[in-house]
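Every chain is numbered from 1 and lettered A, B, ... according to where its sequence line falls, protein lines coming before strand lines.
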Amino acid sequence: MARPAAVSPRNAVPSARAGALYEVQPNPAPARGVFMRLSRYFLPVLKETPKEAEIISHQLMLRAGMIKQQAAGSYTWLPLGFKVLNKVVRIIEEEQNRSGAIQLLMPTVQSADLWKESGRYDAYGKEMLRIEDRHERQMLFGPTNEEMITDVFRTYVRSYKDLPLNLYHIQWKFRDEVRPRFGTMRSREFLMKDAYSFDLDEAGARAAFYRMFVAYLRTFRRMGLTGIPMRADTGPIGGDLSYEFHVLADTGESQVYLHKDLAGKTIPPIDTDYRGDLKPIFDDWTSLFAATDEMTDEAGFKAAVPEDKQLSARGIEVGHIFYFGTKYSEPMKATVTGPDGKDVLVQMGSYGIGPSRLVPAIIEAFHDEAGIVWPVSVAPFEAVVINLKVGDAESDTASIKLYGELQAAGIDALYDDRDQGAGGKFATADLIGIPYQLIMPAARLKEGMAEIKHRKSGERETLPIGDAVKKLVALIVPQRLDTI
RNA sequence: CGGGGUGUAGCGCAGCCUGGUAGCGCAUUUGUCUGGGGGACAAAGGGUCGCAGGUUCAAAUCCUGUCACUCCGACCA
């Protein structure tokens with residue numbers, strides 16, 4: 001958006017380039033629906049819970065008509081689910097772009113050759129889905145893209161002046177998990193945002209890491225979550241630059257231990273300068289203890305955190321960022337010419353977020369007995385107009401008018417015009433988790449009154465029809481969290 | 001990959017042990033009523049019982065094989 005398309009990497013001046021890269025970008029308007037009549041929409045909700053669903057998010061995603069299983073660990077995203085997934089993706093894109101990362105798109109099916117170069121073709125094991133094409137060439141459905149992005153990089157980038165560079169894409173991946181489960185929380189085919197940073201030296205790589213660290217804090221917060229960074233295993237690379245981001249939820253797959261204060265910590269604001277030194281923010285967050293059971297144990301935790309600040313919980317891993325130096329640039333010979341005229345191997349890092357896992361993670365965090373309770377920022381619809389007496393001229397007219405006004409006010413709204421009882425409509429609205437229900441009670445329309453139900457609190461308020469749209473806008477807009 | 005479980009109508013299930021030609025609830029269709037928490041009444045449609053063999057006069061049911069899904073464990077965004 002902000003970056004001139006014609007700038008050749010080769011000629012780019014670092015300072016000018018950095019300016020373009022790290023400019024704070026305005027948020028594009030959220031996608032709005034067209035006239036969305038529920039009677040004409042495709043929303044196959046289920047009254048009963050399919051037996052295969054074990055955890056609440058999986059059950060609710062099936063019941064709310066968000067997903068349909070097609071095979072073990074592989075799902076169709078039905079319209080409602082896809083809408084949420086896209087909102088999650090949009091937030092990720094906004095925060096990645098804001099941090100200076102640049103989006104591209106790499107293929108899902110890759111040639112085995114690249115993987116042989118890095119040595120991972122043999123190392124990866126059965127999780128990698130290997131395919132043979134008609135010419136009997138070895139292909140694979142990508143489980144990740146380090147090799148490919150390194151190939152892109154080495155093809156075009158020659159000079160240190162083109163650094164720093166962070167390229168990301170959001171693409172479907174496939175890992176042939178032995179045991180997929182929990183719906184899209186752990187599917188074989190899954191959507192992943194993976195970013196890859198390229199820097200001249202470790203100091204640069206560290207700065208790139210901090211940028212992603214900050215972007216991640218902001219990304220999860222904007223979805224209503226607190227993503228807590230936890231020191232993770234760095235493997236053979238070593239160092240301190242590997243963090244997993246976990247969302248706390250009872251059904252989380254990992255046991256996590258953390259300092260209580262992390263759970264309510266304020267994130268870096270929208271005007272955080274990504275060109276500046278972000279180490280203080282990193283230090284601030286990482287000075288408080290947080291680790292998975294892979295990195296610590298009960299005893300270590302108790303020794304590190306004062307008793308009244310100890311929080312032992314379950315966590316869902318929703319992101320992982322790490323620095324791996326020259327692990328791929330070395331075997332794949334990705335070098336740039338430094339200021340001294342000598343070629344150096346680029347320092348790389350990679351940064352993943354799983355949108356298709358975030359959707360169930362958000363549901364794990366936000367639901368009640370009646371169904372999902374979406375945060376506004378990722379809700380499939382921000383509000384639903386419930387016409388309680390479809391077919392009644394007065395009721396229809398008033399409902400359609402208000403729906404139109406909501407749309408005009410930029411609210412992503414749904415109109416429930418199904419010809420059925422009130423109970424069914426309420427149950428559906430609650431189940432699919434629309435944050436605000438604008439209820440049109442036939443009996444009170446004559447008096448010019450309507451009702452707003454807050455999904456989260458259950459609170460209902462009756463108000464003049466003329467005030468309803470204004471009120472909903474005032475409630476919804478701040479909760480989009482797109483200016484925090 | 002080791003150990004269990006399950007495949008019967010779109011979904012949830014019964015029937016299987018003790019073979020006799022398939023049933024319940026929800027959903028769907030039509031009509032009437034209803035209209036503030038999955039409403040009522042009436043009528044209707046929908047299933048080669050996962051698949052392939054075998055036993056038998058006869059198989060959803062018994063036997064063999066196979067496929068799929070799923071749960072527990074080891075592994076993972």
Side-chain angles (χ1 to χ4, degrees), chain A residues 44-55 58-59 62-63 65 68-74 88 92 124-128 142-145 170-195 216 227 232-233 243-247 252-254 292 294 315-322 350-361 369-371 386-392 394-396 416-432 437 439-445 449-451 453 458 460 462:
Chain A
V45 297
L46 306 174
K47 200 179 282 189
E48 287 167 290
T49 302
K51 60 177 171 183
E52 74 266 19
E54 196 71 6
I55 60 171
H58 189 192
Q59 294 173 355
L62 289 166
R63 287 195 52 212
K68 176 193 186 302
Q69 179 169 341
Q70 299 293 163
S74 129
V88 165
I92 293 170
Y124 215 91
K126 288 192 164 180
E127 276 201 349
M128 179 148 73
T144 177
N145 286 69
I170 296 175
Q171 178 63 289
W172 293 92
K173 305 273 190 292
F174 193 96
R175 291 184 193 172
D176 198 357
E177 299 271 354
V178 187
R179 196 183 157 207
R181 63 184 128 171
F182 304 149
T184 66
M185 182 84 81
R186 179 130 153 230
S187 45
R188 292 194 295 175
E189 186 170 335
F190 60 98
L191 191 60
M192 183 168 163
K193 184 286 298 185
D194 37 329
Y216 274 42
D233 191 8
Y243 279 81
E244 289 175 358
F245 285 76
H246 284 257
V247 170
E253 291 189 276
S254 324
T292 66
E294 285 173 357
I316 300 170
E317 185 184 351
V318 289
H320 191 174
I321 61 178
F322 59 104
S350 80
Y351 315 88
I353 294 181
S356 53
R357 161 176 279 196
L358 267 166
V359 173
E369 322 72 47
I386 300 181
N387 182 349
L388 285 186
K389 196 166 184 179
V390 173
D392 176 83
E394 190 179 7
S395 194
D396 290 353
D416 189 349
D417 63 334
R418 292 172 303 164
D419 187 13
Q420 66 165 244
K425 295 181 186 224
F426 293 142
T428 298
D430 287 349
L431 174 63
I432 67 176
Q437 299 171 15
I439 301 165
M440 307 295 287
R444 304 210 55 190
L445 292 178
M449 302 301 275
E451 180 180 313
K453 177 182 169 186
R460 296 153 189 277
T462 302

Exercise for the section: Assign A/P50 to base, sugar-phosphate, or nothing according to its heavy-atom contacts below 4.0 angstrom with the strands shown. Expected result: sugar-phosphate
Exercise for the section: Between B/rC69, B/rG36, B/rA77, spot the one nearest the side chain of A/Q69, thanks. Expected result: B/rC69
Exercise for the section: Any strand is fair game: report the nucleotide pairing with B/rG7 by Watson-Crick or G-U wobble, both distances under 3.5 Å, or none. Expected result: B/rC67
Handout entry: Nucleotide paired to B/rG20 in any strand shown, Watson-Crick or G-U, under 3.5 Å
Key = B/rC57
Practice task
Please determine, for B/rU32, whether a Watson-Crick or G-U wobble partner exists with both distances under 3.5 Å, and give it or none.
Solution key: B/rA40
Problem - Spacing of A/D419 atom CG relative to B/rU32 atom P, expressed in whole Å - result: 11 Å
Handout entry: Proximity to the side chain of A/E127 - top-ranked nucleotide from B/rC75, B/rG38, B/rG12
Key = B/rC75
Practice task
For A/R444, answer base if it contacts any base atom (sugar-phosphate contacts may also be present), sugar-phosphate if it contacts only those atoms, and nothing otherwise; contact means non-hydrogen atoms under 4.0 Å.
Solution key: nothing
Exercise for the section: Using a 4.0 Å heavy-atom cut-off across all strands, classify A/A422 as base, sugar-phosphate, or nothing. Expected result: sugar-phosphate
Exercise for the section: Report yes if the ring of A/F190 lies under 5.5 Å from the six-membered base ring of B/rA77 with planes under 30°, and no otherwise. Expected result: yes
Problem - Interatomic distance where NE2 belongs to A/H58 and P belongs to B/rC69 [whole Å] - result: 13 Å
Practice task
Using a heavy-atom cut-off of under 4.0 Å over every strand shown, decide if A/A443 touches base, sugar-phosphate, or nothing.
Solution key: nothing
Practice task
To the nearest Å, give me how far apart CZ (A/R418) and P (B/rG35) are.
Solution key: 18 Å
Exercise for the section: Go through B/rU70, B/rG35, B/rC75 for me and flag the one nearest to the A/K389 side chain. Expected result: B/rG35
Practice task
Go through the steps to decide whether A/E253 and A/R357 satisfy the test salt bridge (Lys or Arg N to Asp or Glu O under 4.0 Å), and finish with yes or no.
Solution key: CA-CA 12 Å; A/E253 291 189 276; A/R357 161 176 279 196; 3.5 Å; yes
Practice task
Please confirm whether any donor atom in the side chain of A/R179 sits under 3.5 Å from an acceptor in the base of B/rG3, or the reverse.
Solution key: no
Practice task
For A/K453, report the nucleic acid contact type (base, sugar-phosphate, nothing); a contact means any heavy atom under 4.0 Å.
Solution key: base
Exercise for the section: State the pairing partner of B/rG2; accept Watson-Crick or G-U wobble contacts with both distances under 3.5 Å, and report none otherwise. Expected result: B/rC72
Practice task
Look at all strands and tell whether A/S395 reaches a base, only sugar-phosphate, or nothing, counting heavy atoms closer than 4.0 Å.
Solution key: nothing
Exercise for the section: In plain terms, say whether A/E189 and A/K173 are close enough for a salt bridge, that is, a side-chain N and a carboxylate O under 4.0 Å apart. Expected result: no
Exercise for the section: Mind checking A/S74 for me? I need base, sugar-phosphate or nothing, with any heavy atom below 4.0 Å counting as a touch. Expected result: nothing
Problem - Worked check of side-chain contact (heavy atoms from CB on, under 4.5 Å) between A/S254 and A/H246 - result: CA-CA 9 Å; A/S254 324; A/H246 284 257; 3.5 Å; yes
Practice task
To the nearest 0.5 Å, tell me how far A/L46 CG sits from A/R63 CZ.
Solution key: 7.5 Å
Problem - Side-chain-base donor-acceptor pair under 3.5 Å for A/D392 and B/rG35 - result: no
Problem - A/K126 or A/L388, whichever maps to the more 5' nucleotide of RNA chain B - result: A/K126
Fill in the blank from the handout: Of B/rU70, B/rG37, B/rA77, the nucleotide closest to the side chain of A/A72 is B/rU70
Practice task
Take A/E317 and A/G391, find for each the nucleotide of RNA chain B with the closest heavy atom, and name the residue whose nucleotide sits nearer the 5' end.
Solution key: A/G391
Fill in the blank from the handout: Regarding the side chain of A/K47, the nearest nucleotide among B/rG36, B/rU70, B/rC26 is B/rC26
Exercise for the section: Would you mind reading off the distance between A/I432 atom CD1 and B/rG38 atom P, rounded to a whole angstrom? Expected result: 18 Å
Practice task
Indicate yes or no: does A/K453 engage A/D430 in a salt bridge with an N to O separation below 4.0 Å.
Solution key: yes
Practice task
Could you tell me whether A/I353 contacts a base, only the sugar-phosphate backbone, or nothing, with contacts defined as non-hydrogen atoms closer than 4.0 Å?
Solution key: nothing
Exercise for the section: Answer yes or no: side-chain N or O of A/R181 and base N or O of B/rC72 forming a donor-acceptor pair under 3.5 Å. Expected result: no
Problem - G-U wobble or Watson-Crick pairing nucleotide for B/rU48 (cut-off 3.5 Å, both distances) - result: none
Handout entry: Nucleotide nearest A/E52 when distance is taken to its side chain, options B/rG37, B/rU70, B/rG35
Key = B/rU70
Problem - Among B/rA77, B/rC13, B/rC11, the nucleotide that comes nearest once only the side chain of A/E48 is considered - result: B/rC11
Exercise for the section: Tell me which nucleotide among B/rG37, B/rG12, B/rU34 gets nearest to the side chain of A/K51. Expected result: B/rG12
Problem - base_contact_polar (B/rG36 base, A/E451 side chain, donor-acceptor, <3.5 Å) - result: yes
Practice task
Mind checking the CE-CG spacing from A/M440 to A/N387? Nearest 0.5 Å is all I need.
Solution key: 7.5 Å
Problem - Sugar-phosphate, base or nothing in reach of A/D430, heavy atoms under 4.0 Å - result: base
Problem - Out of B/rC75, B/rG12, B/rA77, whichever nucleotide has its closest atom nearest the side chain of A/R186 - result: B/rC75
Problem - Ionic contact status for A/E127 with A/R175, cut-off 4.0 Å - result: no
